[in-house]
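Ligands are counted one by one from 1 in listed order, and the atoms in each one are counted from 1 as well. Note that the structure is a prediction, hence the values are computed from the model and not measured. All values below were derived from every heavy atom in this structure, side-chain atoms included, with hydrogens, water molecules and symmetry-related copies excluded.
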Amino acid sequence: MLLVFILVGVVPLSFFSLVIMNTYENKAVNSRITELHSKGNSLSNLLLSTSYLTTGDIPEVDTEITRVSEFYNGRILIVNNNLKIVKDTYSLEKGKYLISEEVIKCFNGNSSKSVDNNYIKLTYPITHNSEKEVMGVIVMNFSTKDIESIRDSMEQRVVLFALTIAIIIVALAIYFSGILTKPLTNVVNSINHLSEGYLEEGVSIKGYNEIEKISDSFNHMINRMQKLESSRQEFVSNVSHELKTPITSIKVLADSLLMQEDTPVELYREFLIDITDEIERENKIINDLLSLVKLDKTAGDMNINGININDLMEQILKRLSPIAKRNNIELIYESFRSVVAEVDEVKLSLALTNLIENAIKYNVSDGWVRVSLNADHKYFFVKIADSGIGIPEEAQDYIFERFYRVDKARSRETGGTGLGLAITKNVIQMHRGAIKVYSKEGEGTTFNVRIPLNYIA
Ligand code: ADP
């Protein structure tokens, strides 16, 4: 950023200074040449109006020539048509002959000018405006040192000015790039801090809008991570607790058998039946956990097929009817239309089985469970209503959580693990569906399930 500031500020400044200096020099030299041409013209007129070119001795003309040469700080030679120098303001070459290329060319009508090494060299023909004949040549040799020195002093000032501006630009660049990058550095520091494991500390960064947005999104992400982390910890501790409970029971049962001497065979049998129950329970928890983990793992890996949902419902109900009979629960099924939908048959069957099994398990004696199937053009709906014990209002928000049970003792009695509804919700979400619960304690519970007919990947 600093580099960009400097490039944008300093480079154009230096470039323009250079361009300005060169333009000045060219303009100054050109205007000097124009001035000298007009002086040449007026000297030419003066010379023609007198006999100076032949006599070379008229004081007023001498004075004028000297005045011009001194004014422009140079040397003027007047050459007549015999190529003889009739005037040299340096008084060195007077009376000699000047035969140079420029002079000859000038007699032929081609005046010349050249600029080099701080000198302007001009030849100007002495001629009547109306006539072609060249009577003589004015050779002018003028220094451009004054222009150079003005350029030099200008250059000094421009360099000084450019340097000052450059210093200001660099200072501003350092200052502003500091201001602009400081919040970013803070973000980086905070992220480093977080990655060292200080998850509970969010990022609080004041800066311009975008930076604040970054820090907001970042905090949002941290919040989610914190929630995930705490739910993971809770899950792990619940799992350990749930797995330990049957083992503790088994140990207590076995210990008490070992401690007693002469234990009657009947007691052995009784305790061993209890131990087998506990092992079965442990097995069920492990199986439920495994299917939950499997669901999480294969979230993107659904085995989708067009399935007749009416048939599926009938299969499930057939499988569950012995349990319903055992508990003396009336199982009613009504289907409003034939439904074919794209679903994962095994997973959906697991989810619906859990719901209907719960409706049977958490029911009153001689109660009923009513399952109905309906559909519109987009979704199919399964409604599972029971005449059971209901779910207290404050518990309704938690029943889909892993290991949550309203009445631990009752759930245990009926072989529940607290994972059934978690599995069900997971499966329904994988089908991009929704599940809702309506319940009143002591009156009954209704679960409404809605699933799209066409699977949305
Ligand atoms: P569980 O293995 O204990 O049945 P679930 O996840 O299936 O676990 O259900 C969680 C809890 O929600 C149950 O322990 C029970 O208290 C309550 N619950 C679920 N379905 C019903 C229902 N139909 N009627 C009353 N309570 C229910």
Chemist: Which heavy atom of the protein is the closest neighbour of atom 5 (P) of ligand 1, given with residue, atom name and distance?
Modeler: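 The closest heavy atom on the protein side is L421 N, 3.5 Å.
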Chemist: Would you mind checking which non-hydrogen protein atom is closest to atom 12 (O) of ligand 1, with the distance to 0.1 Å?
Modeler: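 Going atom by atom, the protein heavy atom closest to atom 12 (O) of ligand 1 ends up being I399 CG2, 3.4 Å.
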Chemist: Using a heavy-atom cut-off of under 4.0 Å, does the side chain or the backbone of V406 touch ligand 1, or both, or neither?
Modeler: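 For V406, the contact with ligand 1 is made by both the backbone and the side chain.
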Chemist: Quick one: do D277 and R281 make a salt bridge, cutoff under 4.0 Å?
Modeler: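 No, D277 and R281 are not salt-bridged.
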Chemist: Looking at ligand 1, would N354 count as a contact under a 4.0 Å heavy-atom criterion?
Modeler: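 For ligand 1, residue contact (heavy atoms, under 4.0 Å) with N354 is absent.
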Chemist: For ligand 1, indicate whether the residue D386 contacts it via side chain, backbone, both or neither (heavy-atom separation under 4.0 Å).
Modeler: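 Side chain only.
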Chemist: Would you verify whether the NZ or CZ of R450 falls within 45 degrees of the ring axis of Y379 while also being under 6.0 Å from that six-membered ring's centre?
Modeler: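 Relative to the ring axis of Y379, which defines the angle, R450 lies inside both limits.
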Chemist: Looking at T417, which atoms of ligand 1 are within less than 4.0 Å of one of its heavy atoms?
Modeler: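 Near T417, meaning under 4.0 Å from one of its heavy atoms, ligand 1 has 1 (P), 2 (O).
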Chemist: Provide, to 0.1 Å, the distance between atom 7 (O) of ligand 1 and the closest protein heavy atom, together with that atom's residue and name.
Modeler: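 Minimum-distance protein heavy atom for atom 7 (O) of ligand 1 reads N358 ND2, 2.8 Å.
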Chemist: Judged by non-hydrogen atoms, does E357 sit under 4.0 Å from ligand 1?
Modeler: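 Heavy atoms of E357 never come under 4.0 Å of ligand 1.
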Chemist: Measuring from atom CE of M140 to atom OG1 of T123, what distance do you get when rounded to the nearest 0.5 angstrom?
Modeler: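 Going from CE on M140 over to OG1 on T123, the span is 8.5 Å.
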Chemist: With a 4.0 Å cut-off on N to O distance, would you call D146 and R32 a salt bridge?
Modeler: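 Between R32 and D146 there is a salt bridge, with a charged N closer than 4.0 Å to a carboxylate O.
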Chemist: Using heavy atoms and a 4.0 Å limit, tell me yes or no: is G390 in contact with ligand 1?
Modeler: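 The answer is yes: ligand 1 sits under 4.0 Å from a heavy atom of G390.
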Chemist: Can you label the angle between the Y398 ring and the Y404 ring as parallel, tilted or perpendicular, going by 30° and 60°?
Modeler: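 Y398 and Y404: tilted rings.
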Chemist: Write out the residue and atom name of the closest protein heavy atom to atom 3 (O) of ligand 1, then the distance separating them to 0.1 Å.
Modeler: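 Answer, as residue, atom name and distance: S411 OG, 2.7 Å.
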Chemist: Between K145 and E148, does any NZ, NE, NH1 or NH2 come within less than 4.0 Å of an OD or OE carboxylate oxygen?
Modeler: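 So E148 does not pair with K145 through a salt bridge.
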Chemist: Taking only Lys NZ, Arg NE, NH1 and NH2, and the carboxylate oxygens of Asp or Glu, determine whether E242 and R405 approach each other closer than 4.0 Å.
Modeler: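 A salt bridge is present here (some side-chain N lies under 4.0 Å from a carboxylate O).
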Chemist: Backbone or side chain, does any N or O of G418 fall under 3.5 Å from an N or O of ligand 1?
Modeler: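 N/O-N/O distance below 3.5 Å exists for this pair.
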Chemist: Any idea which protein heavy atom is nearest atom 26 (N) of ligand 1, and the distance to it?
Modeler: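 The protein heavy atom lying closest is I391 CG1, 3.2 Å.
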Chemist: Under a 4.0 angstrom heavy-atom cut-off, which atoms of ligand 1 come close to R405?
Modeler: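 In order of number, 3 (O), 14 (O).
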Chemist: Do the side chains of K105 and E101 get close enough for a salt bridge, i.e. N-O under 4.0 angstrom?
Modeler: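 Looking at E101 together with K105, the answer is yes, because their closest N to O distance falls below 4.0 Å.
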Chemist: What pair of heavy atoms forms the shortest contact from A375 to V339, and how long is it?
Modeler: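 Heavy-atom minimum between the residues: CB-CG2, 3.7 Å.
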Chemist: Using a heavy-atom cut-off of under 4.0 Å, does the side chain or the backbone of F400 touch ligand 1, or both, or neither?
Modeler: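 Contact part for F400 vs ligand 1: neither.
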Chemist: What distance do F271 atom CZ and Q260 atom CD have between them, rounded to the nearest 0.5 Å?
Modeler: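 One finds 6.5 Å between CZ of F271 and CD of Q260.
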Chemist: Please list, in number order, the atoms of ligand 1 under 4.0 Å from a heavy atom of G420.
Modeler: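 Answer, ordered by atom number: 5 (P), 6 (O), 7 (O).
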Chemist: Given F447, F403, Y404, which has its nearest heavy atom closest to atom 10 (C) of ligand 1?
Modeler: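 It is Y404 whose heavy atom sits nearest to atom 10 (C) of ligand 1.
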Chemist: Would you check if N141 and Y90 make a side-chain contact, meaning some heavy-atom pair closer than 4.5 Å?
Modeler: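 No, side chains not in contact.
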Chemist: Does Y362, backbone or side chain, put an N or O under 3.5 Å from an N or O of ligand 1?
Modeler: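 Yes; the residue has a nitrogen or oxygen that sits under 3.5 Å from a nitrogen or oxygen of the ligand.
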